[in-house]
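Below is one structure, written out as structure tokens; comments come after it.
Just so you know, these numbers come straight off a predicted model, no measurement behind them. In what follows, every chain begins at residue 1, and chains take the letters A, B, ... in the order their sequences are listed.
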Amino acid sequence: DVKVTQSSRYLVKRTGEKVFLECVQDMDHENMFWYRQDPGLGLRLIYFSYDVKMKEKGDIPEGYSVSREKKERFSLILESASTNQTSMYLCASRTDTDTQYFGPGTRLTVL
Amino acid sequence: SQKIEQNSEALNIQEGKTATLTCNYTNYSPAYLQWYRQDPGRGPVFLLLIRENEKEKRKERLKVTFDTTLKQSLFHITASQPADSATYLCARPGSGAGSYQLTFGKGTKLSVIP
């Protein structure tokens, strides 16, 4: 089974802190994605990566950056956390049959 | 932009009945549509993919249809059970360079009442 793991299930940070969310997949997938999910707004794509060291902005990249130094790991970085970044963050990797496998999610609260 | 809409935010259904969820898309027909299940506090889980040239696809009690004339996909759960209660998301791929991406609908929360 494909496994996508995320470093934390719950995270509480303070405004202005730098936050790192880590995602690891074990199936050698080239494409990985970061989404945030908010009530009434659904899943929104923040950033995605085609391959190592390659990244593309999604629909809502402002306030975020990403890093992909190794194929299995895709990190989301909040440079200076703000309260409007309180959300559920979901990482996914894409299979060669076009489906996506999601991690369990990180519920981030910014105080 | 390519939009995808799930018109019902919530659907309540009696156990044993067939649940039918609707997904509508705009502009051109995508090469495929996907359906996912999401339980509270969890990541979505892939259920079914149906391609443009497939009218219908089945997996156990699940059935998905793809109507390019109506620009619509229907997702059916037959003999529904309380364990089927979850939020169901449909998704379509982007176009061109964005074809690796998926755009998700906001989901329909299904509640199966015993």
**Request:** Could you check if a side-chain atom of B/Gln34 sits within less than 4.5 angstrom of a side-chain atom of A/Gln100, using non-hydrogen atoms only?
**Result:**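 Result no, sub-4.5 Å side-chain heavy-atom pair not found.
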
**Asked** Any side-chain heavy-atom pair from A/Leu45 and B/Phe104 closer than 4.5 angstrom?
**Response**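 A side-chain contact is absent here, since even the closest heavy-atom pair is not under 4.5 Å.
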
What closest approach, in Å, do [X] and [Y] show between heavy atoms, and which atom pair accounts for it?
X: B/Leu102; Y: A/Tyr35; answer: O-OH, 4.1 Å
X: B/Pro44; Y: A/Leu90; answer: CD-CD1, 4.1 Å
X: B/Gln101; Y: A/Phe33; answer: CA-CE2, 4.1 Å

**Request:** Flag yes if more than 12 heavy atoms outside B/Lys109 fall under 6.0 Å of its NZ atom; otherwise flag no.
**Result:**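 For B/Lys109, atom NZ is not crowded (no more than 12 foreign heavy atoms under 6.0 Å).
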
**Request:** Flag yes if more than 12 heavy atoms outside A/Arg44 fall under 6.0 Å of its CZ atom; otherwise flag no.
**Result:**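 Yes - once you tally the heavy atoms of other residues, nucleotides and ligands closer than 6.0 Å, there are more than 12.
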
When clusters are formed by joining ILVMFWY residues with side-chain heavy atoms under 4.5 Å apart, either directly or through shared neighbours, do [X] and [Y] land in the same one?
X: B/Ile4; Y: B/Tyr100; answer: no
X: B/Leu47; Y: B/Leu89; answer: no
X: A/Leu108; Y: A/Leu43; answer: no
X: B/Phe75; Y: B/Phe46; answer: no

**Item:** B/Leu49 versus chain A, the contacting section by heavy-atom distance below 4.5 Å
**Value:**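 Only the side chain of B/Leu49 comes within 4.5 Å of chain A.
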
**Request:** With a 4.5 angstrom heavy-atom cut-off, could you sort out which part of B/Gln38 is near chain A: side chain, backbone, both or neither?
**Result:**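 Side chain of B/Gln38 only, per the 4.5 Å heavy-atom cut-off to chain A.
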
**Item:** A/Asp59 versus chain B, the contacting section by heavy-atom distance below 4.5 Å
**Value:**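 For A/Asp59, neither part sits under 4.5 Å from chain B.
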
**Message:** Report which part of A/Arg9 has an atom under 4.5 Å of a heavy atom belonging to chain B: side chain, backbone, both, or neither.
**Reply:**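 For A/Arg9, the contact with chain B is made by the side chain alone.
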
